[in-house]
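Taking it in order: structure first as C-alpha cells, then the write-up.
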Amino acid sequence: MIKNYILIGPPGSGKGTQAKKLTEQFHLLHLSTGSIFRQLAQHDNNLKELITSGNLVPDTQVVDLISKYIRNNIITVKKTGILLDGFPRTLTQAKNMSKIFVMEGITINVVYIMTLNYDESINRLLGRRVCTMCGANYKQSNNIIKCTYCNNILSKRSDDQVNIIKNRFQIYEKQTKPLIEYYDNQSNIDVIYINGSKDENDVFNQITKHL
Ligand code: ADP
Ligand code: ZN
C-alpha cells in the first residue's frame, strides 16, 4: 500500500538528512518547504528577511504553495507516496492540508516526531555546513569542502546563528509542538517518536522500522 509521511522536529533534529536518505532509498516524493522557500527567497526580499531571521512564512502563503504543489504532483504522490519535511508547522497549516488531502483523495499514514533538546540543536547547527544544490548536510568538523553528491562548495546557512536558532527553536515549541496532540487524536494516523539525538544511521533505522 502507498503511504504518506510527515517529519516533524525542532531545528537540527535531522529532518532534512533523513528525508534525503528515505526518499532516495524508498523512492518517495520529497517535499521540503524549507528548501523551496530558500530558493524562492533568492528573488524575494520579504521571504529572505523572514527566513534569515528564523521566523515562519505566513500560513496563507505556505498553504497556497502546498496546494499548488500537491495538485501539480498528484499522479506521483498517488504512485509513490510523499514525505513532508518541514510542513505542516502550525495548526492552521495542518488543518488546511487535511482539507487539500481529502479533496485529492490522499491520506497521511505516519507522523514521525523527531526529538532533540535545545543545547544539541544549537551545537549541531553551529557546526553544520550545507550544500545549497542538493540540501545535503555535513559536519564542519569533518573538514569536507565540497558536496560528495554534486561537488558544489559547502556553505553555512544564514539562519544557523545562535540567536536565530534560538528563535527557530522557540517557534517550534510554541507553534509546531501542538501538532503532536492534533495528530495523536486521529485514530487513523500513527504518531511515532524518534530519538533525533542518536547518530544518522541509528535514526534512519528507528524510522524505517515503521515505514
Ligand atoms: P529548520 O532547520 O529550522 O527546521 P527548514 O529548512 O525546514 O529549517 O526551514 C527554514 C525556514 O523556512 C524556516 O525557518 C521558515 O522561515 C521557512 N519555512 C519552512 N517551512 C515552513 C512552513 N511550513 N511554514 C512556515 N515557514 C516555513
Ligand atoms: Zn550537493
Side-chain angles (χ1 to χ4, degrees), residues 6-21 23-24 30-42 44-70 82-98 100 111-116 118 120-138 142 144-179 196:
I6 298 178
L7 280 182
I8 291 177
S13 57
K15 298 184 297 289
T17 304
Q18 295 300 328
K20 194 166 164 59
K21 284 179 81 150
T23 50
E24 269 163 16
H30 179 192
L31 173 57
S32 161
T33 44
S35 63
I36 293 178
F37 286 132
R38 269 188 294 281
Q39 274 173 14
L40 295 174
Q42 290 176 2
D44 181 335
N45 284 334
N46 285 338
L47 210 50
K48 196 179 205 165
E49 177 97 4
L50 280 173
I51 293 176
T52 46
S53 56
N55 291 317
L56 294 184
V57 177
D59 284 335
T60 47
Q61 201 173 335
V62 183
V63 169
D64 203 41
L65 179 109
I66 295 292
S67 103
K68 283 190 188 124
Y69 184 93
I70 296 292
I82 191 166
L83 178 68
L84 300 171
D85 155 17
F87 173 87
R89 247 172 162 96
T90 66
L91 275 175
T92 306
Q93 290 180 17
K95 288 175 185 167
N96 279 287
M97 184 192 96
S98 165
I100 296 165
V111 176
Y112 295 104
I113 313 293
M114 303 183 62
T115 59
L116 192 75
Y118 176 66
E120 287 172 306
S121 167
I122 295 275
N123 283 337
R124 276 192 185 176
L125 295 183
L126 287 182
R128 164 166 92 167
R129 292 296 175 269
V130 297
C131 171
T132 51
M133 298 260 271
C134 73
N137 290 321
Y138 297 84
N142 289 342
I144 298 169
I145 291 170
K146 287 182 177 175
C147 179
T148 51
Y149 298 92
C150 39
N151 220 26
N152 184 36
I153 304 261
L154 303 180
S155 54
K156 197 174 154 69
R157 237 170 75 174
S158 60
D159 56 348
D160 285 346
Q161 300 174 46
V162 180
N163 284 337
I164 299 167
I165 301 168
K166 188 174 174 192
N167 187 33
R168 286 154 64 198
F169 201 91
Q170 282 171 345
I171 291 174
Y172 174 78
E173 293 280 316
K174 211 168 144 203
Q175 306 213 53
T176 309
K177 263 196 169 168
L179 294 184

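Values below: all heavy atoms of this structure, side chains included; hydrogens, waters and symmetry mates excluded. Counting starts at 1 for both ligands and their atoms, following the listed order.
With contacts defined as side-chain heavy-atom distances shorter than 4.5 Å, the pair Ile165/Leu126 qualifies.
A distance-only check finds a donor-acceptor pair linking the side chain of Asn167 to the backbone of Ser53 [under 3.5 Å]. No donor-acceptor pair under 3.5 Å is formed between the side chain of Lys15 and the backbone N or O of Leu7.
At a cut-off of 2.8 Å, measuring from the Zn ion (ligand 2), the protein N, O or S atoms that fall short of it are Cys131 SG, Cys134 SG, Cys147 SG, Cys150 SG, waters left aside.
A salt bridge links Asp64 to Lys68: one of the charged nitrogens lies within less than 4.0 Å of a carboxylate oxygen. Ion pair Asp160/Arg168 flagged as a salt bridge, since at least one NZ, NE, NH1 or NH2 atom sits closer than 4.0 Å to an Asp/Glu carboxylate oxygen.
Counting heavy atoms of neighbouring residues, nucleotides and ligands inside a 6.0 Å radius, atom NZ of Lys156 exceeds 12 of them. Other residues, nucleotides and ligands contribute at most 12 non-hydrogen atoms within 6.0 Å of the CD atom of Glu49.
The minimum heavy-atom distance between Asn152 and Cys131, with the atom names listed, is ND2-SG, 3.5 Å.
Rounded to the nearest 0.5 angstrom, Thr115 OG1 and Ile8 CD1 are separated by 13.0 Å.
Within 4.0 Å of ligand 1, counting heavy atoms only, the contacting residues are Pro11, Lys15, Thr33, Gly34, Phe37, Arg38, Ile51, Asn55, Leu56, Val57, Val62, Gly86, Phe87, Arg89, Gln93, Arg157, Arg168.
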